[in-house]
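Positions are given from 1, in the same order as the sequence printed here.
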Amino acid sequence: MKKYIIEPEDILFWIEGVVPIISELRNASLIGYPIYPKDADLAIKRAKRRCIDYKIDKPLEIETIDHQAVCKLAENELNKGLLGKVLKDEEVEFRILLRTGFLSKVGVKFIISYDLFLIRNDMSESIYNIEESYEELLVDGLSYTSKEWKYINGELFYPSKGSIISTAERIDRMMGEILSYPSCCVNRFIENKKNDLYPLEVMYGNQVSTDEDLSLFLKDIITRGKDFLTDICKKNIPDSIYSTPYMGFYPCSINCRNAIKLGKKLKDFSRSFGLIYPYNFKCLIPSLWHYCIIYGNKKDKKVIKMKEFLSDRERLRKFAYRLYKEESK
């Protein structure tokens with residue numbers, strides 16, 4: 001297996017984003033918190049500065065941004081950078097899409113954000129189709145009057161029209177396919193949203209709390225601290241932990257066989273890259289986080305300490321990189 005030079009701040013990016021694609025287990029990776037490569041934030045910030053258009057209308061200064069231009073400028077910068085050149089040898093590239101909304105429990109929420117993808121070169125058409133659908137969602141929404149839009153708890157939602165809801169659902173299905181999520185999990189995710197049921201992340205948290213063996217396992221880690229967590233990452237961990245092989249992905253069930261099978265395949269490939277310890281750690285993050293949320297007693301200092309650790313991107317990266325260096329010894 002080819003040896004790569006992995007920088008400390010990019011360790012989670014390699015485990016989450018690069019290894020699954022090189023291993024041919026997924027077509028693309030959606031790169032979010034806390035795995036952004038160090039150059040991504042800077043590229044987007046620089047692109048936004050170049051695309052800001054100030055219009056003076058006394059006494060207000062109105063700032064407008066060409067969001068599509070931001071995506072293209074930042075994307076080009078990343079692909080021409082050092083990391084982009086390394087990934088080019090693997091026929092993998094960065095793509096940045098403008099997200100304009102997503103299906104939620106109370107409707108289609110309006111949002112403007114930049115989604116960073118890592119994709120195989122031959123998947124460009126699939127990304128383009130998602131990009132077009134996001135644009136279609138926004139254009140369709142803007143065809144209705146402002147009175148038909150909804151404000152709920154300070155958040156803006158598109159009009160509740162069949163075409164808008166179906167477009168948002170289509171985007172979710174396309175995203176699930178390109179990210180190689182198990183179809184059972186994608187279907188459950190969409191059905192829960194359409195039928196006003198709990199989101200999968202809430203269901204996952206509830207299942208963490210009701211699985212007695214898993215709860216005791218997680219409680220032991222939190223009670224004994226990060227040194228014990230280090231030891232756990234070097235050993236076999238419960239199968240259910242591998243049901244969350246990707247950050248931000250939640251299975252249809254904590255014991256979903258398809259999700260666990262995928263997680264174990266990634267475990268084997270991570271081992272061949274010398275990344276099994278930090279991979280185990282990454283898979284533990286969701287269950288530890290939900291345990292802290294559920295049992296977040298303000299008087300329990302150890303739960304608070306673990307939650308603070310899991311909320312700190314830099315500390316997560318440093319911990320994962322230390323595991324990587326220990327594995328390479």
Main chain of [Y], side chain of [X]: is a donor-acceptor contact present, judged purely on distance under 3.5 Å?
X      : Y      : result
Glu90  : Leu87  : no
Ser215 : Val208 : yes
Thr100 : Tyr134 : yes
Arg26  : Ala28  : yes
Lys302 : Ile222 : no
Asp10  : Ile6   : no
Arg120 : Asn27  : no

Evaluate whether atom [atom1] of [X] has more than 12 neighbouring non-hydrogen atoms of other residues, nucleotides or ligands under 6.0 angstrom away.
X      : atom1 : value
Glu136 : CD    : yes
Leu82  : CG    : no
Lys150 : NZ    : yes
Tyr128 : OH    : no
Lys226 : NZ    : yes

Do you know the tightest heavy-atom contact between [X] and [Y]?
X      : Y      : answer
Leu266 : Pro245 : CD1-CB, 3.8 Å
Leu137 : Ile171 : CD2-CD1, 4.4 Å
Ile260 : Ile254 : CD1-O, 4.1 Å
Ile96  : Cys71  : O-CB, 3.5 Å
Ala168 : Val108 : CB-CG2, 3.8 Å
Cys233 : Leu284 : SG-CD1, 4.0 Å

What residue pairs, at least two apart or across chains, pass salt bridge (charged side-chain N to carboxylate O under 4.0 Å, His left out) with a residue in residues 271-286?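 Sorted result for residues 271-286: Glu16-Lys282, Asp268-Arg271.
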Salt bridge (charged side-chain N to carboxylate O under 4.0 Å, His left out): which pairs involve residues 243-253, sequence neighbours left out?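 Residue pairs passing salt bridge (charged side-chain N to carboxylate O under 4.0 Å, His left out), neighbours aside: none found.
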Consider only side-chain heavy atoms of I, L, V, M, F, W and Y, link residues closer than 4.5 Å, and tell whether [X] and [Y] are in one cluster.
X      : Y      : answer
Val86  : Leu12  : yes
Leu142 : Phe110 : yes
Ile65  : Leu42  : no

If a pair satisfies side chain to side chain donor-acceptor pair (under 3.5 Å) and one of its residues is in residues 244-260, list it, with sequence neighbours excluded.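 Side chain to side chain donor-acceptor pair (under 3.5 Å) check on residues 244-260 returns Tyr250-His290.
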Under the side chain to side chain donor-acceptor pair (under 3.5 Å) definition, can you give me all pairs with a residue in residues 68-82, not counting sequence neighbours?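 Non-adjacent pairs meeting side chain to side chain donor-acceptor pair (under 3.5 Å): Arg46-Glu77, Glu75-Arg95.
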Straight-line distance of Tyr204 OH to Cys256 SG, nearest 0.5 Å: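 One finds 12.0 Å between OH of Tyr204 and SG of Cys256.
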List for me each residue that meets ring pair (Phe, Tyr, Trp, His ring centres under 6.0 Å) alongside Phe309, sequence neighbours excluded, and say none if there are none.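 With sequence neighbours excluded, Phe309 shows a ring pair (Phe, Tyr, Trp, His ring centres under 6.0 Å) to Phe319, given in chain and number order.
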Could you go through Thr145 and Glu148, starting from their C-alpha distance and side-chain angles, then the distance that decides it, and tell me whether this counts as side-chain hydrogen bond (donor to acceptor under 3.5 Å, both in side chains)? CA-CA 6 Å; Thr145 65; Glu148 293 177 277; 3.3 Å; yes
Is the distance between the ring centroids of Tyr158 and Trp149 less than 6.0 Å?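 Yes, the ring of Tyr158 comes within the 6.0 Å limit of the ring of Trp149, centre to centre.
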Determine which pairs satisfy ring pair (Phe, Tyr, Trp, His ring centres under 6.0 Å) with at least one residue from residues 219-241, sequence neighbours left out, and list them in order.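 Output for this query is empty, none listed.
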